[in-house]
2 protein chains.
Amino acid sequence: MNETTRTFQEYLKANRLKLTSQRRLILDVFVSRGCRVTADELFKEVAELDDGISLSTVYRTVKHLLQSGLARCSHYGDGTTRYEPADGQTSHLVCEVCGRKVPIANPYLECMHAEAARQAGFRMLHCHVTIHGLCHECLTKHEN
Amino acid sequence: MNETTRTFQEYLKANRLKLTSQRRLILDVFVSRGCRVTADELFKEVAELDDGISLSTVYRTVKHLLQSGLARCSHYGDGTTRYEPADGQTSHLVCEVCGRKVPIANPYLECMHAEAARQAGFRMLHCHVTIHGLCHECLTKHEN
DNA sequence: CTTAATGCAAATGATTTGCAAATTA
DNA sequence: TAATTTGCAAATCATTTGCATTAAG
């Protein structure tokens, strides 16, 4: 059993919930895929491996994944809700053209945020940074 | 006519759209209220001043407010979508307890973000920072 | 007078729920 | 065995749309 499954297992136990075959499969597909998916997309992928699983169960499981901190979700302009494995990373660069999403790891920046919060009388718990821009590839393409 | 109405007016003209009494009223209520509202809440407030306005029109107008840059929206865990006047401010401190939202103005931070982007080969266009934490008031209350 | 906007009611689409049957601890 | 979970179908809820009518430029 891997790290992720163990985390989920613990979450379930702590909440008197059960690890069913459906939950295990949904989790596996979700983490192995690793990118942003719609509940329905996830359902379709899971259904290929076990066509007995229902969309309701996917929705119900995804909620638990969010609560256990294993997943994170965001809402898009087109009305879709997408889920992705939470890697503990909360800062990203997002390319406006191709949609590429790159995590930022910059402890100094982190520090600056905590300081900015402190200056306003806040105690920072966690923060989200999304920098919208153009990635190197798209930049060079557009310069032609 | 105020600043906001003028901006909206320009947006409309640029898109061959019309400034109707409904649009004007919705905009007025929206900006004068100044805080996060649901489409339905906005509709109810507007309906008190003119009960001829429909929810559809509120939805349609809110879309234009978003497109004109006068409004900004965010989605919440409970499934609601809330709109608020865009003050050009994209960085905020949000108190986890009381929900208070304070804009951050820190050009140095801004600079750091651009630099972080550059290091990853990105050209930053704009960025959103949300620092979650506890505001001074809630901090002192909870220390009792 | 031409084009866009409105209100209404019906449609949509994502997400949730009730319930009887199946499964886990 | 007791409690939770599942699949299914029906329900819900926010948001959108078609259309005939009204209003703006």
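Below, all heavy atoms of this structure are taken into account, side chains as well, without hydrogens, waters or symmetry copies. All chains are named by letter (A, B, ...) in the order of the sequence lines, taking the proteins before the strands, and each is independently numbered beginning at 1.
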Check the phosphate of D/dT15 against B/Tyr59, side-chain N and O only, distance under 4.0 Å to OP1 or OP2. Yes or no?
yes
Mind checking the CG-CG spacing from A/Leu65 to A/Leu42? Nearest 0.5 Å is all I need.
8.5 Å
Walking along DNA chain C from 5' to 3', note the first and the last nucleotide with an atom under 4.0 Å from a heavy atom of chain B, and give both.
C/dT3 to C/dA9
Could you tell me the separation between the CG atom of A/Leu12 and the C1' atom of D/dA3, rounded to a whole number of Å?
15 Å
Is A/Arg23 touching bases, backbone alone, or none of the nucleic acid, heavy atoms closer than 4.0 Å?
sugar-phosphate
Between B/Phe43 (CZ) and D/dA14 (P), how many Å, whole number?
13 Å
Can you tell me how the ring of A/His128 sits relative to the ring of B/His132, calling it parallel under 30°, perpendicular over 60° and tilted otherwise?
perpendicular
Hey, which sits more toward the 5' end of DNA chain D by its nearest nucleotide, B/Asp40 or A/Ser56?
A/Ser56
For the residue pair B/Ser54 / B/Thr57, report whether a side-chain donor-acceptor contact shorter than 3.5 Å exists.
yes
Just the rounded figure in Å: distance from C1' of D/dT5 to CG of A/Leu25.
15 Å
Using a cut-off of 4.0 Å on non-hydrogen atoms, how would the nucleic acid contact of B/Thr81 be classed: base, sugar-phosphate, or nothing?
sugar-phosphate
I need the CG-P distance between B/Leu55 and D/dT15, as an integer number of Å.
9 Å
Should B/Arg33 and B/Glu84 be marked as a salt bridge (Lys or Arg N to Asp or Glu O under 4.0 Å) after you check the CA-CA gap, both sets of side-chain angles, and the distance that decides it?
CA-CA 9 Å; B/Arg33 209 157 173 302; B/Glu84 66 187 326; over 6 Å; no
Applying a 4.0 Å non-hydrogen cut-off, can you work out what B/Lys63 is touching in the nucleic acid: base, sugar-phosphate, or nothing?
sugar-phosphate
What protein N or O atoms touch nucleotides 22-25 of chain D N or O atoms at under 3.5 angstrom, if any, and at what distances?
from, atom 1, to, atom 2, distance (Å)
D/dA24, N3, B/Lys18, NZ, 3.1
D/dG25, OP1, B/Leu19, N, 3.4

Whichever of B/Asp51 and B/Arg16 has the more 5' nearest nucleotide on DNA chain C, that residue is B/Arg16
Assess whether salt bridge (Lys or Arg N to Asp or Glu O under 4.0 Å) is satisfied between B/Lys44 and B/Asp40, documenting all intermediate values.
CA-CA 6 Å; B/Lys44 276 175 187 138; B/Asp40 197 62; 2.7 Å; yes
